[in-house]
Amino acid sequence: QVQFVESGGGLVQPGGSLTLSCTSSGSTLAYWSVGWFRQAPGKDREGLSCISSTDDSTYYTNAAKGRFTISRDTAKNTVDLQMNSLTVEDTGIYYCATVAATVQQSKCEIPTWYDYWGPGIQVTVSS
């Protein structure tokens with residue numbers, strides 16, 4: 001059974017950086033398009049960024065543009081989300097989601113486009 005899991009979350013001070021990783025047990029991530037989402041307390045799940053399976057095209061939503069970078073590391077079998085200049089508004093549970101299809105900007109932030117989800121990982125930005 002294919003499973004995906006997030007790692008790298010935790011507590012970081014405002015202005016700091018954090019890198020989240022999404023990895024898979026039982027599958028090669030290079031075959032999957034991967035999206036990153038987050039859900040803050042009391043808010044809907046929000047799309048951040050995605051990377052496509054065929055050509056590693058990357059897309060960002062306004063919430064992530066300029067501060068977050070998504071990348072694929074085939075050697076480690078991960079898709080990473082580098083997050084910089086974090087603020088308290090970035091606090092939430094972060095999820096990676098995958099789909100065995102290419103992804104484009106129009107689909108990137110639509111949760112129902114994805115087939116599999118990781119359990120989520122907590123990111124807390126606080127002084």
Side-chain angles (χ1 to χ4, degrees):
Q1 183 177 358
V2 177
Q3 292 182 322
F4 301 90
V5 64
E6 305 87 351
S7 63
L11 174 65
V12 62
Q13 292 187 339
S17 298
L18 206 60
T19 299
L20 304 181
S21 293
C22 177
T23 192
S24 169
S25 60
S27 182
T28 301
L29 261 184
Y31 301 148
W32 301 81
S33 294
V34 178
W36 280 98
F37 292 76
R38 72 182 176 195
Q39 189 162 18
K43 295 189 177 180
D44 293 334
R45 193 166 296 191
E46 173 184 38
L48 297 172
S49 181
C50 57
I51 186 166
S52 189
S53 58
T54 51
D55 60 1
D56 281 352
S57 294
T58 58
Y59 305 97
Y60 299 90
T61 67
N62 288 335
K65 206 170 293 183
R67 296 190 301 130
F68 295 0
T69 303
I70 192 170
S71 62
R72 190 187 300 275
D73 189 326
T74 54
K76 295 193 301 181
N77 198 34
T78 63
V79 169
D80 301 327
L81 186 69
Q82 170 73 39
M83 306 186 294
N84 299 323
S85 303
L86 289 165
T87 72
V88 294
E89 285 74 32
D90 294 312
T91 294
I93 300 174
Y94 284 67
Y95 301 88
C96 69
T98 63
V99 60
T102 57
V103 66
Q104 298 161 346
Q105 182 75 60
S106 60
K107 301 286 189 184
C108 183
E109 59 184 308
I110 301 176
T112 55
W113 176 250
Y114 298 87
D115 292 327
Y116 295 95
W117 290 79
I121 193 163
Q122 179 70 44
V123 171
T124 302
V125 185
S126 175
S127 55

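Nothing fancy with the numbering, it's 1 onward along the sequence.
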Non-hydrogen atoms of [X] and [Y] that approach each other most closely:
{"X": "L18", "Y": "G10", "result": "CD2-N, 4.1 Å"}
{"X": "S52", "Y": "S33", "result": "CA-OG, 3.4 Å"}
{"X": "R67", "Y": "S85", "result": "NH1-O, 3.0 Å"}
{"X": "C22", "Y": "V34", "result": "SG-CG1, 4.3 Å"}
{"X": "A30", "Y": "T74", "result": "CB-CG2, 4.4 Å"}
{"X": "S49", "Y": "L81", "result": "CB-CD1, 4.2 Å"}

Joint cluster assignment, L48 & F37, ILVMFWY side-chain distance < 4.5 Å:
no

So, using side-chain hydrogen bond (donor to acceptor under 3.5 Å, both in side chains) as the criterion, who are the partners of [X] when residues are at least two apart?
{"X": "S57", "answer": "D55"}
{"X": "S17", "answer": "N84"}
{"X": "T78", "answer": "D80"}

Checklist entry - Is there any disulfide bond (SG atoms under 2.5 Å apart) pair reaching into residues 51-83, and which pairs are they, with sequence neighbours excluded? => result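 For residues 51-83, and leaving out neighbouring residues, there are no disulfide bond (SG atoms under 2.5 Å apart) pairs at all.
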
Check: With a 4.5 Å heavy-atom cut-off, do T87 and P14 have their side chains touching?
Finding: no

Inset, instruction - Would you indicate whether the side-chain heavy atoms of S21 and E6 approach each other to under 4.5 Å? - result: no

Going by the rule side chain to side chain contact (heavy atoms under 4.5 Å, CB included), which residues pair with N77 if we only count those two or more places apart in sequence or in a different chain?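 Here the qualifying residues are T23, S24, T28, L29.
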
Hits for side chain to side chain contact (heavy atoms under 4.5 Å, CB included) against N62, two or more places apart or cross-chain, chain-then-number order -> K65

If you look only at distance, which donor and acceptor atoms sit under 3.5 Å apart when one is on a side chain in residues 94-118 and the other is two or more places apart or in another chain?
unit_1 : atom_1 : unit_2 : atom_2 : d
Y94    : OH     : R38    : NH1    : 3.0
Y94    : OH     : D90    : O      : 2.5
Y114   : OH     : C108   : O      : 2.7

Here the salt bridge (Lys or Arg N to Asp or Glu O under 4.0 Å) pairs for residues 10-20, sequence neighbours left out, are none

M83 pairs by side chain to side chain contact (heavy atoms under 4.5 Å, CB included) with which of T19, L20, V12?
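Per the side chain to side chain contact (heavy atoms under 4.5 Å, CB included) rule, the option paired with M83 is L20, out of T19, L20, V12.
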
Do any N or O atoms from the side chain of R72 and from the backbone of V79 form a donor-acceptor pair under 3.5 angstrom?
no

- prompt: Between the side chain of S53 and the main-chain N/O of W32, is any donor-acceptor distance below 3.5 Å?
  reply: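 Looks like no, no N/O pair under 3.5 Å.
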
**Asked** Atom CD of Q3 and atom OG of S25: how far apart are they, to the nearest 0.5 Å?
**Response**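 Reported to 0.5 Å precision, the distance equals 4.5 Å.
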
Going by atom type alone, with no hydrogens or angles, which donor-acceptor pairs under 3.5 Å involve a side-chain atom of residues 120-127 and a protein atom two or more places apart or on another chain?
unit_1 : atom_1 : unit_2 : atom_2 : d
Q122   : NE2    : G92    : O      : 3.4
Q122   : NE2    : T124   : OG1    : 3.3

So the ring-ring contact (aromatic ring centres under 6.0 Å, His included) pairs with at least one residue in residues 38-81 (sequence neighbours excluded) are none

